[in-house]
Amino acid sequence: MFEARLANGNIFKMIVESIRELVVDVNIDCSTEELSIQCMDSAHVALVSMSLSQSAFDHFRCDRSLSLGLNLPNVSKIFKMMGRDDTMVLKAEDSADKLMLMFENDKSGTIADFELKLMAIEAEQLGVPDTAYKCSISMPSSEFQRIVRDLQVMGDTCKISCTKEGLKFSATGQIGTGNILMRQNVASEKEEDHVTIDMEEPVELNFALRYLNFFTKATPLSPTVILKMSPGLPIVIEYPIEQLGHVKYYLAPKMEE
Amino acid sequence: NMKQGSLLGFFTKK
């Protein structure tokens, strides 16, 4: 029996909204420790790695590890019926062929419950090697979202280069070239406005803006976003969910022909 | 111009 109760159901709704355009049919893996998802997009260019610790839940029971095969666009439709302040309860039997979702509104006392048929999704688990990245940048997630949105006007590829000058985002297209340079900023009193750049060695990589834009759907989950890069490796873009988990996106770089 | 890489070139299937 799997049963989990999340007082702030909105967190789970935001997680679904942050990945449902990138990965459609996913397994939500339930273990005694956490709910997790690891899934590549259909083109095998990006990987989503989500984790939500059992400590995020007011009640968490998982007798046996389960994989709940779900179609995220359908899950997203169900979450449209959840109130902002609702408590969310997930429930599935061990012989899981369906998932119960319940939304409880403490104030009005209403309880909505939905049953989703589960899908058998063959899991292609990937081994993601632990890497000591050469550059690690923490910045306001709203700033990253704005940069990605603005540069999409200029072209479809974003060059991200981290040097001692700072972190530069560049895009070139028919109408010209755009560059946005961010420097380390730990002066502002608001922690969330800080930009910290840890650079062990300079890195310059190119990425498809279409994917970076997908990733910024996770902006509501976290005021800060962490970018990690090493020469010739996929970038990791991490949205921490307080101390409870994260949504991480891995994106393969674009290479010179 | 730039060619999009695949993650399969970096991550191994378990």
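These values consider heavy atoms only, across backbone and side chains, with no hydrogens, waters or symmetry-generated copies. Per chain, numbering begins at 1; letters A, B, ... match sequence-line order.
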Original post:
When you check the side-chain N and O atoms of Gln54(A) and Thr32(A), is any donor under 3.5 Å from an acceptor?
Top reply: no
**OP:** Using non-hydrogen atoms and a 4.5 Å limit, figure out which bit of Met40(A) sits close to chain B: side chain, backbone, both or neither.
**Re:** side chain
Original post:
If you count heavy-atom pairs under 4.5 Å between each of Leu7(B), Thr12(B), Leu8(B) and chain A, which one has the most?
Top reply: Leu7(B)
Original post:
Would you say Ser65(A)'s side chain and Ser31(A)'s backbone share a donor-acceptor pair under 3.5 angstrom?
Top reply: no
Subject >> Short side-chain donor-acceptor distance under 3.5 Å, Thr163(A) and Ser161(A) >> reply: no
**OP:** Take Ser18(A) and Tyr239(A), measure what side chain to side chain contact (heavy atoms under 4.5 Å, CB included) needs, and give me the verdict at the end.
**Re:** CA-CA 10 Å; Ser18(A) 69; Tyr239(A) 291 84; over 6 Å; no
Original post:
When only heavy atoms count and the cut-off is under 4.5 Å, which of residues 197-211 of chain A reach chain B?
Top reply: Asn206(A), Ala208(A)
Subject >> Check: Thr224(A) main-chain N/O paired with Ser222(A) side-chain donor or acceptor under 3.5 Å >> reply: yes
Subject >> Ring centre gap for Phe11(B) and Tyr250(A) strictly below 6.0 Å >> reply: yes
Original post:
Under 3.5 Å, side chain of Ser138(A) to main-chain N/O of Ser136(A), donor-acceptor pair present?
Top reply: no
